[in-house]
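The structure under discussion appears below in the form of C-alpha cells.
Just so you know, ligand 1 is whichever comes first in the structure, and atom 1 is the first atom listed for that ligand. Because the structure is predicted, anything quoted here is derived from the model rather than measured.
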Amino acid sequence: MSHSGTLYVVATPIGNLRDITLRAVDVLQAVDIVAAEDTRHSAHLLTHLGIKAKLVALHEHNERRAGEKLIAELRAGKSVALVSDAGTPGISDPGAVFVQLAREAGIPVVPLPGACAAITALSAAGFDAPHFLFYGFLPASGAQRRKALEALRDQPAVLVFYEAPHRVAESVRDMAAALGENRVLLIARELTKTFETFYRCTLGEAEAWLLKDDHHQRGEFVLLVEGALAPEAAEVDENSARILTLLLSELPLKQAVKLAAEITGAKKNALYDLALELKSK
Ligand code: SAM
C-alpha cells in the first residue's frame, strides 16, 4: 500500500522577509515541490532563505488544473508546500480550491501559521471590540462597492478590508457615505515594511488625508473601520454627535451631555451612551 504525501499550507512574510517561522523554513527545505502563486516572486524568497526547491505555478487562473496534477504527485507520496505571494494562502489569495481537492482525496493538510496582513493590522489597532469581520477586497466597481458597503452598515463588528492603492481614496469616500462620516477608521499601510504607517481618523476625514500627499496613497493597505454603534447611541444623528464631540473636548462628560441635549434636542440617554463610547476611544 502506498502512502500519500502531505500538503503543507505555508504562510510567508507580508513585507519584512524575516517574518518567516522556523517551521516554515524547515518545511520549505524538506518538501519535494513548492506550489507558488508566482514562481519568480517565491524564488526570490527561497533564494533569500538559501533554499533550492522545485517550484510549480498555482494561481487563480490555473488552480484547479495545477491542483489536480499536484494531487497526483501527493498520491504518489510526494510532499507539497503551498505558498502565495504574501501572507497566508487562501486569505484573499488562491489556495482554497487546491486544499479542497486535497481534502476530497484524503490527503493530509497541515497549516503552518504566520503573517497575515489583516491580523497584523488588527494587532496594532487598539480597537477594544470583541469581534471583527474580515471582508477582504470590496468590489472594484463603484456601484457594487456601495451596495456591498450598505449591506455592512448595521454590522457591529470591526470591519477589515484590503484595498489596492489606486482605489483606496474612492473606497473610503464610499465608506463614509454608506457607513457614516463619524466612524473611526485606521489606515494601516505598508505593514512590516520601511514606510509602515498607521493613520487614525474618522471616515469623513480619510479621503482628504489620502489626497493630501501622493505618498499617502502608495503601497499596500488594510482599512479597519469601527463597527456600527449600539442602537441607543445610533439614535444620535450626525450633527448632534458632532456637537457632542466638540463639547466633550472642552467639558466634563455630564455637562457636555446636558448641553448637547439642550442644543440638539437629542435624547439624553442616547447622548450619554455615545459620550461614553467616544471617551473610551
Ligand atoms: N494572503 C495575504 C494575507 O494573508 O494577508 C493577502 C493577500 S491579498 C492578494 C493582498 C492585499 O493584502 C493587499 O492588497 C493589501 O490590501 C493587503 N496586504 C498585504 N501585505 C500588506 C502589507 N504589508 N501592508 C498592508 N497591507 C497588506
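A salt bridge does not link Glu73 to Lys69: none of the charged side-chain nitrogens sits closer than 4.0 Å to a carboxylate oxygen.
Checking Asn182 against Thr202 by side-chain atom types alone, no donor-acceptor pair falls below 3.5 Å.
The stretch residues 170-182 participates, sequence neighbours left out, in these salt bridge (Lys or Arg N to Asp or Glu O under 4.0 Å) pairs: Arg145-Glu170, Arg145-Asp174, Arg146-Asp174, Arg173-Glu207.
Judged by the 6.0 Å and 45° rule, Arg200 forms a cation-pi pair with Phe127.
Near ligand 1, residues Ile14, Ala86, Gly87, Thr88, Ile91, Ser92, Asp93, Cys116, Ala117, Phe137, Tyr162, Glu163, Ala188, Glu190, Leu191, Lys193, Glu220, Phe221, Val222 come within 4.0 angstrom through at least one heavy atom.
Of all heavy-atom pairs between Leu203 and Met175, the closest is CD1-O, 3.7 Å. Taking all atoms of both residues into account, the shortest heavy-atom contact from Ala96 to Glu63 is N-OE2, 3.5 Å.
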